Amino acid sequence: MLLKVLVFLVLGSVAVKSQQQTFNEDVLGLIFFKAGLQDPNSNLQSWSEDDNDPCNWVGVKCHPTTYRVTELHLDGLSLSGHVGRGLLRLQSLQLVSLSNNNLTGTINSELSRIGTLQGLDLSGNALSGSIPDEFFSQCVSLKSVSFARNNLSGQIPASLSSCWGLAEFNLSYNQISGQLPSGIWFLRSLQSIDVYGNLLEGDIHEGIGNLYDLRHLNLGNNRFSGRIPQDIGSCSFLKYVDFSDNYFSGNLPDSMRKLVSCTSISLRGNSLRGRVPSWIGELTSLESLDLSANQFYGRIPYSLGNLQSLKELNLSMNRFIDEVPSWMFSVSFDQVLRVLDLSSNGLYGEIPSKLGVLSSLVYFNMSRNRIIGSIPSTIGELKAIQVVDLSDNMLNGSIPSEIGGAVSLKVLVLQRNFLSGNIPTQIVNCSSLTTLILSENNISGSIPTAFPNLSNLEYVDLSLNDLTGSLPKELANLSQLVFFNISHNHLHGELPLGGFFNTIPTSSVSGNPSLCGSIVNRSCPAVHPKPIVLNPNSSDTIGGSSRNHHRKQIVLSISTLIAIGAAAFIVIGVIAITLLNIHVRSASRAAAALVLSGAEDFSCSPTNDPKYGKLVMFSGDADFVPGANALLNKDCEIGHGGFGVVYRTLLRDGRAVAIKKLTVSSLIKSQLEFEREVQTLGKIRHHNLVALEGYYWTPSLQLLIYEFVPSGNLYKHLHEGPDRSCLSWQQRFNIILGMAKGLSYLHQMNIIHYNLKSTNVLIDGSGEAKVGDYGLARLLPTLDRCILSSKIQSALGYMAPEFACKTVKITEKCDVYGFGVLVLEVITGKRPVEYMEDDVVVLTEMVRGALGDGRVGECVDGRLRNNFPAEEAIPVIKLGLICASQVPSSRPDMEEIVNILKQIQCPSDGNGNDKG
Ligand SMILES: *[C@@H]1O[C@H](CO)[C@@H](O)[C@H](O)[C@H]1NC(C)=O
Ligand SMILES: *[C@@H]1O[C@H](CO)[C@@H](O)[C@H](O)[C@H]1NC(C)=O
Ligand SMILES: *[C@@H]1O[C@H](CO)[C@@H](O)[C@H](O)[C@H]1NC(C)=O
Ligand SMILES: *[C@@H]1O[C@H](CO)[C@@H](O)[C@H](O)[C@H]1NC(C)=O
Ligand SMILES: *[C@@H]1O[C@H](CO)[C@@H](O)[C@H](O)[C@H]1NC(C)=O
Ligand SMILES: *[C@@H]1O[C@H](CO)[C@@H](O)[C@H](O)[C@H]1NC(C)=O
Ligand SMILES: *[C@@H]1O[C@H](CO)[C@@H](O)[C@H](O)[C@H]1NC(C)=O
């Protein structure tokens, strides 16, 4: 017993001792190797020289009895640096796998001196340079080597032919050039050659037949030329052959018929030609056959039907001329064929009605052939189908409603055929649909109302068909949409608002004369909700029955509202007017009047029924003329700007009001916020500001009702009137002072105008300026500079420079700038920006230059014929220039401006109403 223990102890300690020695050698080698690496994620933390047992270190494997390190697996650890000599100390190392790291430098030629090394995988790194000749000349036991996915260049060293034991050789995805060394065909152990994606060239010499053990041959995506080696058939174990995307030419060699174990052959993208021999049907293991993009011609061999394991067949882009091979759609293919690409050939005849038997089919492309007849209804039986492309054929008939059965469909391309009939509503069953291209057919009917339920749609092209009807509004909810072309159809009505449709290019909607919306530059006849009764004193006043309203109630006939909405549309044609008139009358009979109470009542809550609109007048006693047929006259359109079109209409007492129909509906805030802002604006009352008298609100239509100012706007007075009726100096001064007073009041009320320009300044009967259109930017959800500059400040020249500078806050000083430009415009009679033949004159710059040259007097409008007091004119011009300073803080505020103007005005012509 004791002896036994002793023996054990002695033997044991000896074993331990020798282990420790060898451990140390391995530890040393690994630590040395680690020292050459950067390990940003500290994956090699366990690799410590204080730990004598490397067998527990990450990625290290040892021999079960000798405890020597045999394998290193350090894949995908973000290691960078070089593969150093440390590994040479690991005398039992058999496998080194360092794939998918960030290793750099060249391939260490000494690695193959590790006598025991069988496998080396350095794929997926950033190694560069050429493969050193010595690497292969000393390979002793190397069986598998992969340098794939690096940046290796140069040629494959001829010494490769001395690696007798080599079975796998992977150089794919590098920049290796030159020819394959001919010695490679003597490496009889080779089972796998992968040189895909390099710059290799030259012929593949005969000799490949020596490699009787070859299973995997990938020469794809190089520059090889010549013929496919005639003896390839001797590699009878070949399972995978890829010669794609090279310059191979000639026929398929006969010996290929012996490749009966082969599961995948790709010859795509070469210059192979000739007929495809019928022995192809003997390769019964084939699962994938790709002969695409070559010059094969003749018929598609019937024997393909024997390939019962075939999953993918690509014969696209050849010169096959044949009837659509109906045997292909027979049961022999069912259950397995997933990809069938016969596109771009000369196939004719009809698609067999048995199409439905290909129940595993995922991808089906028959485009660019000469196929006639209709799309078989059995297409609905293809439950797995994702892609169908039958474009550029001569198909007729309609799209079968059974298409709704193809529930996996993602891409449906049928463009350029002779298809007619409707888009079947059942298509909404194909809920995965992302791409739908039906352009250039004769498809009619309307776009199915449920179409917007196809929420994955990204790319839709329905152009050049005969589609009619209107577009479902909900199309705007298609959030993935990047392309939606409905051009050249007969669609009518309003383009959807919002989402993709806010930025849809005009070319995608053009050629539909009856479509309306801002994109096509035609305004739409708005669809009007029924008006609502807002009188809290009567609960049953909707409709014609309500006639007993008290004194302060306002009656606005529904026809007025419809007429306002219609007015823009009237421009299009007389027929439309007549129809609308009929509609107006019948509507007014049904729901005769809209009744609502005066200003003090507008806080009462309206019903929540969204079908009704809400009309509010800030001061009572406004009675609209029923019918308001005058509105239907285009002459009643009195202007339009970034925010909407303005119409004039009469109240029953003969007073005129201006009604602005907002065209920024889609941008308007919620009803609550809209009303709050409008009520703020409604409180503004000043002699030099156009008063807002009321508003009408529905989610789709908003009207602002303004005081009507008769004599037109300042722009017309300055730039459009006949010369002899031009404004006198005194009138001009008075206008400037009036604008200043109005703006000063606006700023006191904490409202920024944002949109000053001469078309927004109205002149009343006595020559007083009244500033209009103020504060409308408040109705937009955010004071976004882009919207501001596109919607409002569209009139070039008035926009303060800080609008272009994101970091400067926009204050009321932007109005002062616009006012300064207006001052100069009034005095000079010139537009802020004048376009000459080959030049652009900016008014502020021109005047500033003239002032510098002492010629400022010459800037005053020539039509005044020197009939002005220079002692007033020059200070006013200077004031205008100061107001139009580039720096906001250099501009005076409006109150100061009013005072300055009053001082400039000579006491002698103090009478502001002098009309000269
Ligand atoms: C490789 O290194 C580069 C920079 O040296 C770095 O950007 C990249 O993320 C690294 N890749 C990996 C897989 O660690
Ligand atoms: C060669 O290496 C690449 C990249 O690692 C890999 O995708 C490919 O499958 C390898 N080839 C063979 C035949 O194993
Ligand atoms: C690959 O190597 C070439 C030189 O052979 C060099 O110009 C290129 O920058 C390298 N590319 C990468 C990604 O390292
Ligand atoms: C068929 O081959 C063509 C040409 O090589 C290629 O463009 C197409 O993508 C292939 N089809 C499929 C489904 O892979
Ligand atoms: C069908 O094949 C044609 C050409 O052969 C190709 O242009 C088209 O992109 C393919 N269709 C789909 C949906 O892949
Ligand atoms: C489709 O065209 C074929 C001839 O190409 C014709 O016989 C057939 O009647 C057409 N079908 C329809 C629905 O127009
Ligand atoms: C559409 O889908 C429903 C339920 O998923 C199914 O009952 C119906 O048959 C489908 N329609 C067509 C035309 O296949």
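Remember, predicted model here, so these are calculated numbers, not experimental data. Each ligand, and each atom within it, is numbered from 1 in the order the structure gives.
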**Prompt:** Considering the options N150, N174, N151, T106, which one meets the side chain to side chain contact (heavy atoms under 4.5 Å, CB included) requirement together with L127?
**Reply:** N150
**Nearest heavy-atom neighbours spanning I385 and Y363** = CD1-N, 4.0 Å
**Item:** Per-atom contacts, ligand 5 versus S367 - under 4.0 Å to a heavy atom
**Value:** 1 (C), 2 (O), 3 (C)
**Item:** Nitrogen or oxygen of S192 less than 3.5 angstrom from that of ligand 2
**Value:** no
**Asked** Does some non-hydrogen atom of G124 fall short of 4.0 Å from ligand 2?
**Response** no
**Request:** Mark up the atoms of ligand 2 that fall under 4.0 Å of a heavy atom belonging to N170, in ascending order.
**Result:** 1 (C), 2 (O), 3 (C), 8 (C), 10 (C), 11 (N), 12 (C), 14 (O)
**Complete:** For R368, the atoms of ligand 5 under 4.0 Å from one of its heavy atoms are 7 (O)
**Asked** Is there any disulfide bond (SG atoms under 2.5 Å apart) pair reaching into residues 148-182, and which pairs are they, with sequence neighbours excluded?
**Response** C139-C163
**Message:** For a 4.5 angstrom cut-off between non-hydrogen side-chain atoms, does Y297 reach N318?
**Reply:** no
**Asked** Any N or O of H216 that comes nearer than 3.5 Å to an N or O of ligand 2?
**Response** no
**Asked** So F224 and F248, would you call those rings parallel, tilted or perpendicular, with 30° and 60° as cut-offs?
**Response** parallel
**Request:** Find all atoms of ligand 2 within a distance of less than 4.0 Å from any non-hydrogen atom belonging to A148, and give their numbers and elements.
**Result:** 2 (O), 3 (C), 4 (C)
**Message:** I need the L267 CG to I228 CD1 distance, nearest 0.5 Å.
**Reply:** 4.5 Å
**Item:** Whether H216 and Y240 hold their rings parallel, tilted or perpendicular, with breakpoints at 30° and 60°
**Value:** parallel
**Complete:** Taking only non-hydrogen atoms of S172 and a 4.0 Å limit, the atoms of ligand 2 in range are 1 (C), 2 (O), 3 (C)
**Request:** Using a 4.0 Å heavy-atom threshold (strictly under), name the region of R149 that reaches ligand 2: side chain, backbone, both or neither.
**Result:** side chain
**Request:** Please report the shortest heavy-atom distance between S244 and Y196, naming the atom on each side.
**Result:** OG-CE1, 4.2 Å
**Prompt:** Which atom pair, heavy atoms only, marks the closest approach of I427 to L454?
**Reply:** O-CD2, 3.8 Å
Tabulated below should be the N or O atoms of ligand 4 paired with protein N or O atoms at under 3.5 Å; can you produce that?
residue  : atom   : partner : partner atom : Å
ligand 4 : 2 (O)  : S292    : OG           : 3.0
ligand 4 : 2 (O)  : N314    : OD1          : 3.3
ligand 4 : 2 (O)  : N314    : ND2          : 2.3
ligand 4 : 5 (O)  : S292    : OG           : 2.8
ligand 4 : 11 (N) : N314    : ND2          : 2.9
ligand 4 : 11 (N) : D341    : OD2          : 2.9

**Prompt:** Under 30°, 30 to 60°, or over 60°: which ring-plane class applies to F364 and F329, parallel, tilted or perpendicular?
**Reply:** perpendicular
